> 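Pasting a structure below so you can have a look.
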Amino acid sequence: MSSQVETVKGPNPLVKALRNKRVLNAISIIGFLLIWDLAVQSGLLAIMPRPHEVLLRWVELMHEPYAGHTLPIHVWISFRRVIIAFLLAAAIGIPTGVIMAFSKFAHAVIRPIFEFFKPMPPIAWISLSILWFGLGETSKIFLIFIGCVVPCILNSYNGIRLVDPELYDAVRNLGANYWQEQTQVTFPASLPAIFAGLQVALSSGWTCVVAAELVGAREGIGYLTFVGMKQDDIAMTIGGILTICLVSFLSSLFLTYLERWLCPWKRNISE
């Protein structure tokens, strides 16, 4: 009796490639660019430039100064404004949220004011920022700070208030005192939520930079975007928007790696 040897085949190469996250990311980006280009050529978005026209304008801005600076300098100026406002928001917002979570008195005093001003968009503060700080750097940093500070306060507060009570029961059964509970349970357990707030704050800061650089700015990526709109240079406007998206993505990626380093105990959903 002859025995038949069955060969076990691996997954189809195409199926295997489609399971790769990087391949899917590349397909997504290429597909978006193709749809954009086809929409412009077909007349559905006739006012828009084609992707390669935006790229050419972007490369031109990289080495030819506009408003006295090349594109990298404009990016650095906006980046500096966002980072200063973001660091100030983190330095003020995180302790404020922590104090609100630990102190009933601070919660009763701060929470009503915070809830009243929380829904106000940062752009609503433009007039006051000009009255208080003039047209200099301070007014721009203030507007970005307003957009960053709310997520810092909210996530710090909720991160501490929503720590699982069973974690406290576990360390108490092991004989931990109050300070050991805070240092070994409260802050490690709330740190991922605080980092989530920092991620939102940083994204909000880059969202606000365009509005901030409408206030008497003569430099910055938001300024380039606005000037491109006024001069019907749509390629420059879209290039500025995409540059903001790119720098915001890289900044957020840095925070993600910093969180992984500081919070090695955090598990991803995919795990």
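Everything numeric in this text was worked out from a predicted model, so none of it was measured.
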> Tabulate below the donor-acceptor pairs under 3.5 Å that side-chain atoms of residues 84-99 make, not counting sequence neighbours, or state none.
{"unit_1": "T96", "atom_1": "OG1", "unit_2": "I92", "atom_2": "O", "d": "2.6"}

> So does I47 have more than 12 non-hydrogen atoms from other groups sitting under 6.0 Å from CD1?
no
> I'd like to know if the side chain of S78 reaches the main chain of I221, judged simply by a donor and an acceptor atom lying under 3.5 Å from each other, with no hydrogens or angles considered.
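Checked: pair present.
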> State which residue, out of L56, V54, D233, fulfils the side-chain contact (heavy atoms from CB on, under 4.5 Å) condition with P49.
V54
> Start with the C-alpha gap between E213 and K140, add the side-chain angles, then the distance that decides, and say whether salt bridge (Lys or Arg N to Asp or Glu O under 4.0 Å) holds.
CA-CA 6 Å; E213 290 178 347; K140 300 170 183 58; over 6 Å; no
> Please list, chain by chain and in numerical order, all residues satisfying side-chain hydrogen bond (donor to acceptor under 3.5 Å, both in side chains) with E219, sequence neighbours excluded.
H69
> Show your reasoning for whether side-chain contact (heavy atoms from CB on, under 4.5 Å) applies to F114 and V150.
CA-CA 8 Å; F114 174 71; V150 171; 4.0 Å; yes
> Using the six-membered ring of Y257, assess whether NZ or CZ of R260 lies under 6.0 Å from its centre and within 45 degrees of the ring axis.
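Geometry flag: set, cation within 6.0 Å and 45°.
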> Mind listing the closest non-hydrogen atom pair of R57 and A235 along with its distance?
CB-CB, 3.8 Å
> Taking the six-membered ring for Trp, are F142 and F133 parallel (under 30°), tilted (30 to 60°) or perpendicular (over 60°)?
tilted
> For L242 and L246, what are the C-alpha separation, side-chain angles and deciding distance, and is it a side-chain contact (heavy atoms from CB on, under 4.5 Å)?
CA-CA 6 Å; L242 294 178; L246 177 62; over 6 Å; no
> Without swapping roles, check the side chain of T237 against the backbone of T225 for a donor-acceptor pair under 3.5 Å.
yes
> Between W36 and I238, is a side-chain contact (heavy atoms from CB on, under 4.5 Å) present by the stated rule, with each step listed?
CA-CA 12 Å; W36 173 3; I238 296 176; 3.9 Å; yes
> Any donor and acceptor pair, going by atom type alone, linking the side chain of S103 with main-chain N or O of M100 inside 3.5 Å?
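Between the backbone of M100 and the side chain of S103 there is no qualifying donor-acceptor contact (under 3.5 Å).
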> Checking the side chain of S204 only, and the main-chain atoms of V200 only, is there a donor and an acceptor separated by less than 3.5 Å?
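No; judged by distance alone, with no hydrogens or angles, the pair does not exist.
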> Please walk me through it: do W125 and F145 pass side-chain contact (heavy atoms from CB on, under 4.5 Å)?
CA-CA 11 Å; W125 293 83; F145 168 83; over 6 Å; no
> Please answer whether the main-chain N or O of I194 pairs with a side-chain N or O of N155 as donor and acceptor at a distance below 3.5 Å.
no
> Say whether, by atom type as modelled, one donor and one acceptor occur between the side chain of S248 and the main chain of C245 under 3.5 angstrom.
no
